[in-house]
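What follows is one structure encoded as structure tokens, with my remarks underneath.
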Amino acid sequence: MGRRNKPIIFENIEVIDAGARGKTVAKAPDGRVIFLTNTVPGDIVDIRTGKKRKAYFEGTAIKFHKYSDKRVEPVCEHFEHCGGCKWQSMAYEHQLAYKENEVVNNLIRIGHLELPKVTPILGCKNIYFYRNKMEFSFSNSRWLTLEEINSEEEIDNRNACGFHISGMWDKILDIEKCHLQEEPSNHIRNFIKDYGIKNGLDFYNPREQDGLLRTIMLRISSTGEIMVVIQFFKEDKEKREGLLNALAEKFPQITSLQYVINCKGNDTLYDQNIILFKGIDHIFEEMEGLKFKIGPKSFYQTNSAQAYELYKITRNFASLTGNEIVYDFYTGTGTIAQFVAKNAKKVIGVESVPEAIEDAKINAQLNNIKNVEFYAGDMKDVFNNNFIKKHGQPDVIITDPPRDGMHKNVVAKLLEILPKKIVYVSCNSATQARDLALMKEQYNIIKIQAVDMFPQTHHVENVVLLELK
């Protein structure tokens, strides 16, 4: 059994930068990097190290000698313990600056790319209450603060409804007010929690695999429609119907009220039968007159307003004239494909999730879009010579892959057929840089535009336009 690293204390250390995954960066006296979780660049602090690696430390600030001028007071009462909005203590203009720097640094450092003048990052108009989807978990053994643990008070009620504590799969932080989704999100969640406590509905215990109330999913669309999906661990018809009827009566504005009986080990919904209790089984998002049907299992960009800005940038970079064949890779439910379709001759969307492709087809019919086609399959398998022969040589390829980036076979095929333009949308500029490096001999980078989709977090999207040399 290996020895645990003995903590080291570093005193009066200045935090100099913001790094990957929301951590901040300082340097130890020997020059090694220290990654921190509870500071802002510009803070001067004493640090206790946790993990010690060959090239770096991980640590926590235990004393603040000076607070950074980049700091602001967090608005959320749960900020210290939640971890969902790690950058809430940093002023928004500085969040944007660090996100833009991360994108540029990754493209240069990882990709060794020659960049044009970088367009400033596009920030969010709404930096709070911007998410259209939230998920909360129940627990009968809520996470306790150190103050609660050390107090002599008897804690009778351990029920909670909120978020998982990072690194603790069985502990839930009870949330009173979350600043990520507009009302009535908090009202609905708190009503369900209070009803459960008052009426003796057991909250779930993941260790014992027991309880009734398991999770809540809330979707609030830009059109004002509301979907609530409650997940129960087991069936108890009387208690289930009591809660659902009370919820429907208290919040008549809920347009889709659904539930799941899920007794398996994990709480993912994609393999579950979701049952409609009241209303209709979907809601609608709308963008430039296009409607998108959203069900409980549908993927849709989590920030509706900023997704519109992201798609406009993508369409602008593609600069379609109406004569182009466009391939839309990793199309999801086909939102980008349908958004650009009116400017293209034909758009072909490909996505690995069959349910998403079914949604895409339904939405295309709903919007009366005739020049789009959608196919389900793994990109590395679907994108082959037969596919290209069937649909035609693409003039423009739009690609929006998951965090891992594009499969090497997909990149290889792109370099074989050499479309005139590639618009690469990415939620991970590190893997984007890796992929772009493979294409830099054949393509010039013409434009770069970072887009902030998730204020108060370190996440950032980036759009790059490539043109054939």
Side-chain angles (χ1 to χ4, degrees), residues 75-85 128-129 131-145 148 153-166 168-220 226-254 256-263 267 269 274-275 277-278 296:
V75 302
C76 181
E77 63 185 283
H78 306 293
F79 171 76
E80 183 181 355
H81 306 295
C82 178
C85 300
Y128 294 105
F129 305 112
R131 288 183 65 100
N132 55 42
K133 178 186 177 185
M134 293 294 293
E135 295 176 89
F136 304 96
S137 297
F138 292 95
S139 173
N140 70 350
S141 180
R142 73 172 174 87
W143 184 79
L144 301 178
T145 65
E148 288 178 310
E153 290 184 26
E154 190 75 23
I155 300 174
D156 296 324
N157 179 20
R158 290 287 299 276
N159 288 326
C161 183
F163 301 125
H164 285 269
I165 291 288
S166 178
M168 299 183 184
W169 63 275
D170 63 333
K171 290 289 185 268
I172 299 296
L173 176 67
D174 192 45
I175 299 293
E176 181 64 28
K177 181 178 181 180
C178 178
H179 288 73
L180 288 175
Q181 190 176 40
E182 65 181 327
E183 296 297 359
S185 176
N186 288 303
H187 296 323
I188 290 173
R189 184 191 65 256
N190 287 330
F191 175 84
I192 295 170
K193 179 180 71 175
D194 293 343
Y195 179 96
I197 293 170
K198 290 174 184 175
N199 291 274
L201 277 64
D202 293 332
F203 285 31
Y204 184 59
N205 185 310
R207 285 190 178 273
E208 297 176 4
Q209 292 280 290
D210 195 24
L212 183 66
L213 291 173
R214 192 164 183 175
T215 68
I216 309 168
M217 181 174 73
L218 274 157
R219 289 185 185 263
I220 302 177
I226 300 171
M227 174 187 291
V228 180
V229 181
I230 301 179
Q231 189 173 167
F232 299 91
F233 179 64
K234 56 190 175 185
E235 173 65 298
D236 185 324
K237 188 172 185 291
E238 183 179 349
K239 289 183 176 179
R240 172 180 57 76
E241 289 188 346
L243 169 61
L244 294 171
N245 280 319
L247 184 62
E249 182 178 349
K250 177 70 175 179
F251 298 96
Q253 65 268 50
I254 294 175
S256 177
L257 180 55
Q258 304 183 60
Y259 71 94
V260 180
I261 309 297
N262 178 10
C263 57
D267 55 17
L269 295 177
I274 301 178
I275 303 164
F277 183 79
K278 188 173 183 181

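Reckoned from all heavy atoms, side chains included, excluding hydrogens, waters and symmetry mates. Numbers here are sequence positions counted from 1.
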Derivation and outcome, side chain to side chain contact (heavy atoms under 4.5 Å, CB included), residues N140 and N159: CA-CA 4 Å; N140 70 350; N159 288 326; 3.6 Å; yes
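The minimum heavy-atom distance linking C161 with F138 is given by the pair SG-CE2, 3.7 Å. Between K278 and A248, the closest heavy-atom pair is CD-CB, 3.8 Å. The heavy-atom pair separating K193 from F203 by the smallest distance is O-CZ, 3.7 Å. The two atoms that bring F233 and I261 nearest to each other are O-CG2, 4.4 Å, heavy atoms only. Taking all atoms of both residues into account, the shortest heavy-atom contact from S141 to R158 is OG-NH2, 3.3 Å.
To the nearest 0.5 Å, the span separating CZ on R240 from CD on E235 amounts to 4.0 Å. The distance from the CZ atom of R189 to the CD atom of E183 is 8.0 Å, given to the nearest 0.5 Å. Taking CD of E135 as the reference point, atom CG of L269 lies at 7.0 Å (rounded to 0.5 Å). In this structure, L212 CG and Y204 OH are separated by 12.0 Å, a value rounded to the nearest 0.5 Å. Rounded to the nearest 0.5 Å, atoms CG (N205) and CG (D210) are 7.5 Å apart. Taking OH of Y195 as the reference point, atom NZ of K250 lies at 13.5 Å (rounded to 0.5 Å).
The main-chain N or O of N132 is found under 3.5 Å from a side-chain atom of Q181 such that the two form a donor-acceptor pair. Checking side-chain atoms of N186 against main-chain N and O of C178 turns up a donor-acceptor pair under 3.5 Å.
For T215, the side-chain contact (heavy atoms from CB on, under 4.5 Å) partners are S137, Q231, D267, not counting sequence neighbours. Remark: K198 pairs with no residue by the salt bridge (charged side-chain N to carboxylate O under 4.0 Å, His left out) rule, at least two apart or across chains. Not a single salt bridge (charged side-chain N to carboxylate O under 4.0 Å, His left out) links D236 to another residue, sequence neighbours left out.
With a 4.5 Å cut-off on side-chain heavy atoms, L247 and I192 count as touching. In this structure, L257 and L244 have side chains that are in contact, with non-hydrogen atoms separated by less than 4.5 Å.
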